[in-house]
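Just so we're on the same page: letters track the sequence lines, and every chain starts at 1. Excluded from the calculations below are hydrogen atoms, water molecules and symmetry mates; all remaining heavy atoms, backbone and side chain alike, are included. None of the values given here were measured: they were computed from a predicted structure.
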There are 2 protein chains.
Amino acid sequence: MTTLERQIGTRLSDHGVRFTRARRAVVTSLASVDGPQSAAELHKLLGGGVPLSSLYRTLAVLEEVGILAPHHGTRGLTRYELAEWLNGHHHHLVCVDCGAVDDVHLSPGMEDTLEAVVRSVTSDASFEAAGHSLEIEGRCGRCS
Amino acid sequence: MTTLERQIGTRLSDHGVRFTRARRAVVTSLASVDGPQSAAELHKLLGGGVPLSSLYRTLAVLEEVGILAPHHGTRGLTRYELAEWLNGHHHHLVCVDCGAVDDVHLSPGMEDTLEAVVRSVTSDASFEAAGHSLEIEGRCGRCS
DNA sequence: TTCCTTGCAAACGATTTGCATTGGA
DNA sequence: TCCAATGCAAATCGTTTGCAAGGAA
């Protein structure tokens, strides 16, 4: 039982939701790879052990209780990753060729700078900012 | 014939693509609203005058020739907006309640700062950055 | 006139849901 | 035990495509 599993188990029981085999498999799998994964990608990662329909339900529940965060990418695919309180605040490198998404963590100084930009945008707008994400599009190492 | 229509007409004929009624309606409609629009939203904006299947084909063609840019948002919806050479470089305010997306243009100073952050991230990575987009999530004026 | 474009309907792929069965606390 | 969670299959939803008819250059 890792620290991550303990954190997640607590969060689940706080919401009256069980920590089942499928849910454990999904979070473990997501913790072991870099970048968000789609239902189909997880299905493959898990060796087909969890049917797609169950996988979708698992992802929906884990998102509802705040364990997973969705990322909407090219071709209408939704990918999920561990929420920021588990994975840390980060941003994304999106490959315009293959569609892969990698995480990138900013240095504290750069993150502060970015937050200042966000504040400057929303200070005078009738928009209450709750979070932000910098998406950097380009060509990844494998595609260039 | 507006300046926008002239720019678009030129780009289309450069690609051997005709400037038809449906294509004119789509770009005119997108130019008159704030933020990217989905096929369904455009279908409604155009009063149903253009069938959905034609709308999808129109959007695909306009994206191919670089007149429209796609934006992938909540619920696996793809929304389109005028490309940056027509609309200017900008970022997005995404409402987590209603899903609406509004454009925000950064001041030159803030944009420079943001670009410095992007460079700092990709300078040591095997990733060739081509563009960036700052997504600010929160609650829009209508929902708060 | 000549292709490009459109409209309709059927096809598709990702995701959701009804229902009977299984399993975790 | 007892209700939540699962698995299967069928349904849905956004989007794409084949084909015959219409329209811009």
Kindly give the atom pairs (protein nitrogen or oxygen, nucleotide nitrogen or oxygen) under 3.5 Å for nucleotides 20-23 of chain D.
| from | atom 1 | to | atom 2 | distance (Å) |
| --- | --- | --- | --- | --- |
| dG23(D) | N2 | R18(B) | NH1 | 2.7 |

Within this structure, what is the [atom1]-to-[atom2] distance between [X] and [N], rounded to whole angstrom?
X      : N       : atom1 : atom2 : value
R79(B) : dG14(D) : CZ    : C1'   : 13 Å
H15(A) : dA5(D)  : NE2   : C1'   : 18 Å
H72(A) : dG14(D) : NE2   : P     : 14 Å
L77(A) : dC13(D) : CG    : C1'   : 15 Å

Say you draw a straight line from [atom1] of [X] to [atom2] of [Y]; how long is it, rounded to the nearest 0.5 Å?
X      : Y       : atom1 : atom2 : value
L93(A) : S126(B) : CG    : OG    : 9.0 Å
L77(B) : H72(A)  : CG    : NE2   : 9.5 Å
I8(B)  : T28(B)  : CD1   : OG1   : 7.5 Å
S29(B) : H43(B)  : OG    : NE2   : 12.5 Å

Looking for any heavy atom pair under 4.0 Å, which part of the strands does [X] touch: base, sugar-phosphate only, or nothing?
X      : answer
A60(A) : nothing
V17(B) : sugar-phosphate
T78(B) : sugar-phosphate

Item to complete: Could you tell me whether the side chain of W85(B) and the main chain of G66(B) form a donor-acceptor pair under 3.5 Å?
Response: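 Checked: pair present.
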Discussion item. Which residues pass the ring-ring contact (aromatic ring centres under 6.0 Å, His included) test with H92(B), not counting sequence neighbours?
Written reply: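 Testing H92(B) for ring-ring contact (aromatic ring centres under 6.0 Å, His included), a comparison that skips the adjacent residues, returns H71(B), H90(B).
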Practice prompt. For dA4(D), take OP1 and OP2 only and decide whether either is under 4.0 Å from a side-chain N or O of T20(A).
Written response: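 The answer is no; no side-chain N or O of T20(A) sits under 4.0 Å from OP1 or OP2.
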Check whether any side-chain heavy atom of [X] sits under 4.5 Å from a side-chain heavy atom of [Y], and report yes or no.
X      : Y       : result
C95(B) : D102(B) : no
R18(B) : R23(B)  : yes
L86(B) : L68(B)  : no

Worksheet entry | Within 45° cone and under 6.0 Å: R139(B) NZ/CZ vs F127(A) ring |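 That pair does not qualify as a cation-pi contact.
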Item to complete: Go through the side-chain N and O atoms of S133(A) and E135(A) and say whether any donor and acceptor fall under 3.5 Å apart.
Response: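 Per modelled atom types, S133(A) and E135(A) side chains form a pair under 3.5 Å.
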Worksheet item: Do H132(A) and H89(A) make the cut of ring centroids closer than 6.0 angstrom?
Response: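 They qualify: ring centres under 6.0 Å apart.
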Practice prompt. For E41(B), check salt bridge (charged side-chain N to carboxylate O under 4.0 Å, His left out) against everything at least two apart and list the hits.
Written response: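 Residues passing salt bridge (charged side-chain N to carboxylate O under 4.0 Å, His left out) with E41(B): R79(B).
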Worksheet item: Hey, can you pull the residues of residues 27-59 of chain A with a non-hydrogen atom under 4.0 angstrom from DNA chain D?
Response: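 By residue number: P51(A), S53(A), S54(A), R57(A).
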Fill in: Global bending angle along the helix from dT1(C)-dA25(D) to dA25(C)-dT1(D), which compares the axes of five pairs at either end, to 10 degrees
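Overall, the helix from dT1(C)-dA25(D) to dA25(C)-dT1(D) bends by 40° from one end axis to the other.
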Worksheet item: Taking any atom under 4.0 angstrom from a heavy atom of chain A, which nucleotides of DNA chain C are the first and last to qualify, 5' to 3'?
Response: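 Going 5' to 3' along DNA chain C, contacts run dA14(C) to dA25(C).
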